[in-house]
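Notes to accompany the following structure.
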There are 2 protein chains.
Amino acid sequence: MNTLPVRNVLNAGMLEGFAATGMRPAHQARSRELVIRLFNEGLALLNDVDFDGLSIETLCHRTGSTVGAFYSRFENKDAFVNALQRIVVVGARREIYANYENASWETLDQLIGAVARGAALWYRRHEGLVRASLRRANGERDMWTPLRELGELNISCALPRILTFLPPQAHDGAVDRIRLAFQMLFGTLNNIVQVNPGPFTLEDRRTAPFIAEAMTGFIRAGDRRADGAGPTG
Amino acid sequence: MNTLPVRNVLNAGMLEGFAATGMRPAHQARSRELVIRLFNEGLALLNDVDFDGLSIETLCHRTGSTVGAFYSRFENKDAFVNALQRIVVVGARREIYANYENASWETLDQLIGAVARGAALWYRRHEGLVRASLRRANGERDMWTPLRELGELNISCALPRILTFLPPQAHDGAVDRIRLAFQMLFGTLNNIVQVNPGPFTLEDRRTAPFIAEAMTGFIRAGDRRADGAGPTG
DNA sequence: TATTTTTAAGAATGATAATTCTGATTTGAA
DNA sequence: TTCAAATCAGAATTATCATTCTTAAAAATA
């Protein structure tokens, strides 16, 4: 399904201090290495199958391991999947912080352009995990929670910065508009990953800039309304 | 999961002339009634579970029927699910044609406003089916195909009408913008149905008008650029 | 009414995969 | 080096459901 090259994104260092419910703490080096292998192979497999199609036996075979080893690390399949999401999210969180701390933007277009581009890039790198998480998203199991929190982190970083580009009298109405703009951004990206409706794909260079333009325009339209200009139609 | 009242949307009349692969033609009235009951109960169940969670035995029990009866109608579960999607799509198709034929719009805002409102309404009425179809959307099984076709029908009706509100010199670039606008519309609605990210929901009255405004603004921005006005940022 | 076709019941079957269990093997600290 | 704790191997178990099969009932047909 996914034609992008798949790299091993996780290494032993990233396990440092990482814990997740249903994942037994590893006391020996070999088990830490196994966990990393399982995570990376899990990510690779999720480019082709979803969570239901992810067979523990296949996963273990591909990592030169056994189901016994798997179950001495993880309580069950759900716990594995949850841990996999969590460790990816930990990395993403770091990226987000770094992005917002290091950069400063001169215009709203630049800021939102960077946000949309960054999001699209991240989706490309984690297409399999996102697709699998979406497919299992469900009231009870809450398989989407880690990724939802990631989106909320992104918004909480972007929101105050966006407001600095808007006149103070527009701030009130702008918050709703900004939130909808992000809902459209993530909705559109999720939809591309899941059903690939076309014509715009994650690989298409126009996708992120176009979405960014739509977001910016929508947010600015509220600005114009707060000026008393009235509807533009 | 879904708190909306669930009505029986299908009746015997809608089965007239309806056929789907893997669905045996019913020669007796009792089997036609059974199919309708299965469809309606299936739709109701899909508000709470997805396709995997939809148990044939439960479905049959709830319709006062048996698995034997089910399998003398449908080749297998997939065939049932596909037929259910198809018959709902048949109705939706009719609605779309009717909407576009009966109405005429005086402004672009009105047209797109009506399209977004109509889409959001339809999603509310078919939340369970949409969610289940999305969750199973997958390269091979192509569980999304019927709904994808529905979206394309919507676009093919809207596109030429939208163009009539734009100056001819803007038409070329506008097509891409219109398509992305629809990708954002359906993406956002799909995402609401699937992960309900908030703050905007299907029930929120502001959702459809807001999305419509974003779509209109984005499409018009291309118009302004074709005038030679350059980027607005 | 006789008989053929269609449909329904519901127990039995079968396939798939997650999970458990028991007995080795390895590790790392003393 | 020793040994208790940790880990691993892999066969066996289990649970879940879709699907099949056989027999019975109902409807259509003549």
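The sequence lines fix the lettering, A, B, ..., with proteins before strands; numbering per chain opens at 1.
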Whole-Å distance between [N] [atom2] and [X] [atom1]?
X	N	atom1	atom2	result
A/Tyr71	D/dA12	OH	P	18 Å
A/Leu45	C/dA17	CG	P	13 Å
B/Phe70	D/dC17	CZ	P	15 Å
B/Leu34	D/dA27	CG	C1'	15 Å
A/His61	D/dC8	NE2	P	18 Å
B/Glu33	C/dT7	CD	C1'	13 Å
B/Asn76	D/dC21	CG	P	15 Å
B/Gln28	D/dA25	CD	C1'	11 Å

Inset, instruction - Considering only NZ, NE, NH1 and NH2 on the basic side and carboxylate oxygens on the acidic side, decide whether B/Asp50 and A/Arg135 come within less than 4.0 Å. - result: no
Quick check: are there more than 12 heavy atoms from other residues, nucleotides or ligands sitting under 6.0 Å from [atom1] of [X]?
X	atom1	result
B/Glu57	CD	no
B/Phe18	CZ	yes
B/Glu149	CD	yes

For the side chain of [X] and the backbone of [Y], is there at least one donor-acceptor N/O pair under 3.5 Å apart?
X	Y	answer
A/Arg117	A/Ala208	no
B/Gln183	A/Phe200	yes
A/Arg148	B/Val195	yes

Inset, instruction - Would you indicate what A/Leu54 reaches in the nucleic acid, counting non-hydrogen atoms under 4.0 angstrom: base, sugar-phosphate, or nothing? - result: sugar-phosphate
Inset, instruction - May I ask you to list the residues of residues 17-27 of chain B, by number, that have any heavy atom positioned under 4.0 Å from an atom of DNA chain C? - result: B/Ala26, B/His27
Inset, instruction - Please check the phosphate of D/dA26 (OP1 and OP2 only) for any side-chain N or O of B/Arg30 closer than 4.0 Å. - result: no
Are there any protein N/O atoms within less than 3.5 Å of an N/O atom in nucleotides 10-16 of chain C, and if so, which ones and at what distance?
none

Legend entry - Over all atoms of both residues, closest heavy-atom pair of A/Val130 and A/Trp144: O-CZ3, 4.0 Å
Inset, instruction - Give the nucleotide from the list C/dA18, D/dC8, D/dT19 with an atom nearest to the side chain of A/Ile56. - result: C/dA18
Legend entry - Residue from B/Ile192, B/Asn190, B/Thr207 passing side chain to side chain contact (heavy atoms under 4.5 Å, CB included) with B/Tyr123: B/Asn190
